[in-house]
Each structure stands twice: as C-alpha cells, then as structure tokens.
Student: 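Here it is: the structure, laid out below.
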Amino acid sequence: MLRTVVRVRRLDLVWMGLFTALYYAAGRLGLSLAFVNASTSAVWPPTGIALAALLLLGRQAWPIVAIGAFLVNLSTSGVLVASVAIAAGNTLEALVGVRLIQRFARGLSAFDRTPDILKFSLAVMVSTAIAATVGVATLTTVGLAPVDDTISIWLTWWLGDAVGAVVVTPLLLLWKPPFAVEWNGRRLIELLALAVSVVVVSWGLFGAAPSSTYPLRFLLIPVLLWSAFRFGVRETATSAAVVAVIATEGTLRGFGPFARSNPNESLLLLQAFIGVTDTMMLSVAAEVKRRRTSEAELRSLNHALEARVAERTEQLMKVNDRLLEAQQVAHVGSWEWDVASNALWWSEEMYRIYGLSPSDVTGYEAFMGRVHPEDRERVNAVVRHGLADGRAFTFEHRIVRPDGQIRVLYAAGHVVMDADGRPTRMSGIGHDITERKKDEEARAALILEQAARHEAEEVNRAKDTFLAALSHEIRTPLNAALGWAHTLRVTTGGPQSREGHRCHLPQPDESGEIGLRPHGRLTTLERPAATASGRRRRAGAR
C-alpha cells in the first residue's frame, strides 16, 4: 500500500513538472504577442493549461500555476513583487475556475452536453476576471502600466485568458490518455479530408487574403460543422485550435478580416470571434453526440425490448398451448360474452365440445340454440338472474350437437360490472361431464343391483334359518314316536301281539321315513342330500 502511494505521488510530481514546463513555454509565447503592455497579451494559452491541469490532477496541483506564472512574469518584468502578485492572481483564477466548473459544469464531463459547455464558458468568464483585476491592479500599483491604459489592459488580459481557456482546456481534456479512436479506412480518409479543408480554408481566409477583401469568415462555419456532425467534440476542438493558430498568425501579418492598424485591436477582434465560434461548434458537436448516444441507447433499448417481447410472446404461446392442451384433456372450455355488443367468444375446446366452428356461434342466441329444449328455460333464467344481481353462478345443462348427440355440460361463470353497476361482460367455463354422468349412472345401477342381491341373500338366509328351526321343532316329537314304535316291536317279538293278533305297526326304515310321511316335504327340505343317498342305497340292496 505504501509503495502504491509513493508511486502515485511520484507520478503526480512528474505530471506537475510537465504541466509547469508547458505553462511556462506557453506563457513566454503569449507574452511575445503583448502589445498593450509587456505583461499583458490578448493570446494567453496558459489559462487553459492551468484549468486542465487542476481538473486532471486535482486542486492540490495549484503550484503548477503559481510557479509557472511567477517564472513567466519574473522573466518579463523583472519585478519580484509584481511577479508574486500576478502569480497569486493567476493561481486564484485557476482555483475559482475549477471550483465553478466542477460545481456547475460537471468537471471533466463538461464537454459532453451543450448546457455544460455554456456553463463552462460562463465559469471561465467569471474566473478570468479575477486574474485580470489582480494583474491590472498590480501593474498600475508598481508603475508598470499607466492608469490611462487600465481599461484596455484589463480587457486584453481578461479576453486573452478567457479565449485561452475556451480553446486549450477542451483540447487537453478531450485528448487525455487513454482515449478511444474509432477510425476505419473510410473514416480515416474523411478525417484527412476534413483536416486539409480546415487548413486550406483557414489559410485562405486569414493567411493569404488581404484585409481589404470581403469578409468571408463565415466560410469557416461549414467546415467546423462538418467536424461537429461527422466526428465529435474532440475533433471539433482540434479543428478550432488549428483555426485559432492559423488565424492568429495571419492576422499578425496583416491578413484576414480582423487585421487592423493596431495589432492588439486585431487580436482582440480575432479572439472574440474564435471564442464565440469555438463555443458554438463545441455545443453543436455535443448536441450531435447526445443525439447519437440517445439513438444508440434507443436502438439498444428497442432491440432489448423486441427480444423481451419475442421471449414473452414465445412464453405466452407455450402457456396458451399448454392451456389448450389442458382444456382438451380435461374437456373444459372457456368463454366470454360481451353483453352490450352481444359478442360471444369461445376457446377452441368449447367449439370442440359443441362440435361447431367459430362462424356458427355469433351471440347469445346461437348458444341458446344448442341448449337442449328441455333445459333452455332453466339456463336462461340462471343467466338472467346472474346479470341482475352480478353474482357468480353454476349450473348443469344438456346440449345438442349438430350430429344429434346429446352432451351434458357443467357451466360456471361470473359477471363484470361497470362503475354504475351495469353488467358489461360475462365470462366462465364449460366442462363436458357426459362421461362422468354415464359413470355415475352406471355406478348407481351397480349399487342398486348389489343392494337387491344382498336383500335376496338375506331373504334366503332367513328362510333357511326358519326351515331349520321348523324342522327341528317337528323332528323332536317324531323321534320320540319312532323310539316307542321300535320298543314295541322288539318287546312283542314282531308284528304279532300277546293275544296272538298281529299288530299292524308301521315298519320304519333307516332314515325314519315312516315318521316323515305326514311331514315329508319339510323333512326333505332339511336333509335333501341324506334322503337321496339313502334311496340310492335301498335301490342297490334290492
């Protein structure tokens, strides 16, 4: 961390040294064009260098301005006090200008928008008045300038500093590394054509044409507009700087529309023209850039929106397909009825259930025409009641398809009211429950059949129980009678009695058939298997 801080500080010191040297060289060049006073020039690029340095490195880089201004003025006037005072005024000018630019013109982004460019120009005009006031006061105080020349010196100082800031500051800020260059082959050829046009037109207006010719300075406008519309703020600022250099050199040689007998007056007119033109062209370039950025963002937004719409449409189509599949599987269709226009909308499944096409169903009457005649009055009453009270409703009804097939439907719906409580539309579902009804009827028939079978079984079981009890009650006295008959037979020695008479007792068989004759049907019902086997055995014995 400490090494990083040291490296940053060393890098800042290097940049501060470079900006100080550049400030000093530009100051010496500017003072070489001083005509109204040795310390005052209408061409003062150091102001733009100072603002760019403080915007890039921070306001803590103010020693660049202080040292550079002090050295320049000391080498010119040789007066230490005046050099210190003028350097202080230039430093204060730079600090106030940077503060105003950061506060009102968005600092380093001051050249991205037209309002910020105008605010930048106003901030420069305010801050440069500080240096001009301090400088003129210093010069008149120490006797380096007569009091009669105060106004001309102040105007020259102020205008030179202001135009220097307008021309140089954007040039340095917009070309600060790293910067993006989007020049392909055709773009590079057009840029070279623009550069040649700027040089040729500027030289033709300010470097070759004498001052007595017609004022054709407006010919610069199309060239600079070309730069503003086709390239951008950076190229426009560069073109304006080239025009300023060529125009200044030509005007000093007495060429161009601003050449006058007084060189300082010529430079003041030229600086005013350059400052206004540069500000106007930078504003146009920024507006074009903003429009292009907006169009690019709008295109990107449209592409993103189209992609989202396509994606959402695809999702909705999938959902709709799944809904249709679900309706088809469940035999549930949806419908909506616009009460005011009597327009009826059905889903595909509804048409499939009714066996109709969209052209067959146009309104409520068409729907009622497919309802079973026996159910129409009840269905119409339910619908009208729902329209009257606005409540949800359900009902079952039968429909008749075009092929004569009768289907059973379960319908459910609700009514949508407007702000005045009037019904506007009705929507709901129709569920084909024909198969379910058939299953319910078959299940009910099966339940009835099972109940009847169970009842028959219970009746048979009760009859068997009754017959068994009845047989038991009858057999009990018969068994006693059979026993006594057997005893009499044994004791009498046969069928003959003691008096020698035969006793005609019945001869019982093994199954006790003698005792069952009076009740043969009951005994046979109780023991059918035993009776049948006994008969077979007797038949075999015979």
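Values below: all heavy atoms of this structure, side chains included; hydrogens, waters and symmetry mates excluded.
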Student: To the nearest 0.5 Å, how far apart are CG in L356 and OH in Y351?
Tutor: 8.5 Å
Student: Between D338 and T424, do the side chains contain an N or O donor and an N or O acceptor separated by less than 3.5 Å?
Tutor: no
Student: Ring pair (Phe, Tyr, Trp, His ring centres under 6.0 Å), that's the test. Do W346 and Y354 meet it? Break it down for me.
Tutor: CA-CA 10 Å; W346 279 3; Y354 277 77; 4.5 Å; yes
Student: Kindly compute the distance separating OG (S127) from CD1 (I101), expressed to the nearest 0.5 Å.
Tutor: 6.5 Å
Student: For A131 versus E93, what's the shortest heavy-atom pair and its separation?
Tutor: CB-OE2, 3.1 Å
Student: Which donor-acceptor pairs under 3.5 Å do side chains of residues 162-170 form with protein atoms, sequence neighbours excluded?
Tutor:
unit_1	atom_1	unit_2	atom_2	d
T169	OG1	G48	O	3.1
T169	OG1	A165	O	3.0

Student: Hey, are T114 and E287 close enough side-chain-wise for a donor-acceptor pair under 3.5 Å?
Tutor: yes
Student: Under 3.5 Å, is there a donor-acceptor pair between the side chain of T40 and the main chain of V36?
Tutor: no
Student: Output a table of donor-acceptor pairs, distance under 3.5 Å, between side-chain atoms of residues 301-309 and any protein atom two or more places apart or on a different chain; print 'none' if there are none.
Tutor:
unit_1	atom_1	unit_2	atom_2	d
N302	ND2	L298	O	3.2

Student: If every non-hydrogen atom of A50 is compared with every non-hydrogen atom of V65, which pair is closest and at what distance?
Tutor: CB-CG2, 3.4 Å
Student: Would you call V383 and M426 a side-chain contact if the rule is heavy atoms closer than 4.5 Å?
Tutor: yes
Student: Can a donor-acceptor pair be found, under 3.5 Å and without considering hydrogens, that links the side chain of S83 to the backbone of L74?
Tutor: yes
Student: Under 3.5 Å, sequence neighbours excluded: what are the donor-acceptor pairs made by side chains of residues 134-147?
Tutor:
unit_1	atom_1	unit_2	atom_2	d
T138	OG1	V134	O	2.7
T140	OG1	V136	O	2.9
T140	OG1	A137	O	3.0
T141	OG1	A137	O	2.5

Student: Should E349 and R352 count as an ion pair when the cut-off is N to O under 4.0 Å?
Tutor: yes
Student: Pairs in or reaching into residues 121-158: which pass ring-ring contact (aromatic ring centres under 6.0 Å, His included), with residues at least two apart or in two chains?
Tutor: W154-W158
Student: What distance do L269 atom CG and N262 atom CG have between them, rounded to the nearest 0.5 Å?
Tutor: 9.5 Å
Student: For V84, give me all partners under side chain to side chain contact (heavy atoms under 4.5 Å, CB included), at least two apart in sequence or on another chain.
Tutor: F70, L80
Student: Would you find more than 12 non-hydrogen atoms of other residues, nucleotides or ligands less than 6.0 Å from H385 atom NE2?
Tutor: no
Student: Any side-chain donor-acceptor pair under 3.5 Å between T236 and S227?
Tutor: yes
Student: Hey, does the Lys NZ or Arg CZ of R384 hover above the aromatic six-ring of F393, less than 6.0 Å from the centre and inside 45° of the axis?
Tutor: no
Student: Between T238 and W175, do the side chains contain a donor N or O and an acceptor N or O under 3.5 Å apart?
Tutor: yes
Student: Check whether any side-chain N or O of N37 sits under 3.5 Å from a backbone N or O of S39 as a donor-acceptor pair, and report yes or no.
Tutor: yes
Student: Between the side chains of S357 and D360, is a donor N or O closer than 3.5 angstrom to an acceptor N or O?
Tutor: yes
Student: To the nearest 0.5 Å, what is the distance between CG (L225) and OG (S239)?
Tutor: 11.0 Å
Student: Could you tell me which residues satisfy salt bridge (Lys or Arg N to Asp or Glu O under 4.0 Å) with D389, sequence neighbours excluded, listed by chain and number?
Tutor: none
Student: Going by side chain to side chain contact (heavy atoms under 4.5 Å, CB included), name the residues that satisfy it together with S32, two or more places apart in sequence or in a different chain.
Tutor: L29
Student: Closer than 3.5 angstrom, by distance alone: can the side chain of W335 be matched with the main-chain N or O of I429 as a donor-acceptor pair?
Tutor: yes
Student: If you round to the nearest 0.5 Å, how far is CG of L194 from CD of E235?
Tutor: 8.5 Å
Student: With sequence neighbours left out, what residues match R103 under side chain to side chain contact (heavy atoms under 4.5 Å, CB included)?
Tutor: R99
Student: Quick check for you: to the nearest 0.5 Å, what is the distance between T47 atom OG1 and D161 atom CG?
Tutor: 3.5 Å
Student: Kindly list each side-chain donor-acceptor pair under 3.5 angstrom involving residues 272-285, sequence neighbours excluded, with atom names and distances?
Tutor:
unit_1	atom_1	unit_2	atom_2	d
T277	OG1	F273	O	2.7
T279	OG1	G275	O	2.8
S283	OG	T279	O	2.8

Student: Applying side chain to side chain contact (heavy atoms under 4.5 Å, CB included), name anything that partners R106, two or more places apart in sequence or on another chain.
Tutor: S109, D112, R113, D116
Student: Tell me, which pairs form a ring-ring contact (aromatic ring centres under 6.0 Å, His included) where one or both residues lie in residues 99-120, sequence neighbours left out?
Tutor: F111-F120
Student: Without swapping roles, check the side chain of S41 against the backbone of G30 for a donor-acceptor pair under 3.5 Å.
Tutor: yes
Student: Between L51 and V124, is any pair of side-chain heavy atoms under 4.5 Å apart?
Tutor: yes
Student: Can you give each donor-acceptor pair under 3.5 Å made by side-chain atoms of residues 243-255, sequence neighbours left out, with the distance rounded to 0.1 Å?
Tutor:
unit_1	atom_1	unit_2	atom_2	d
T248	OG1	A244	O	2.6
E249	OE1	R253	NE	3.2
E249	OE1	R253	NH2	3.4
E249	OE2	R253	NE	2.6
T251	OG1	A247	O	2.7
R253	NH2	G207	O	3.0

Student: Is it the case that the side chain of N342 and the backbone of Y364 share a donor-acceptor pair, with hydrogens and angles ignored and the cut-off at 3.5 Å?
Tutor: yes
Student: Verify whether one side chain among R28 and S75 offers a donor that lies under 3.5 Å from an acceptor in the other.
Tutor: yes
Student: We want to know whether W226 and E190 form a side-chain donor-acceptor pair, criterion being a heavy-atom distance below 3.5 angstrom.
Tutor: yes
Student: Any side-chain heavy-atom pair from V415 and M417 closer than 4.5 angstrom?
Tutor: yes
Student: I'd like to know if the side chain of D149 reaches the main chain of S152, judged simply by a donor and an acceptor atom lying under 3.5 Å from each other, with no hydrogens or angles considered.
Tutor: no
Student: Would L57 and I64 count as a side-chain contact (heavy atoms from CB on, under 4.5 Å) if you check the C-alpha gap in whole Å, the side-chain angles of each, and the deciding distance to 0.1 Å?
Tutor: CA-CA 10 Å; L57 302 178; I64 295 174; 4.0 Å; yes
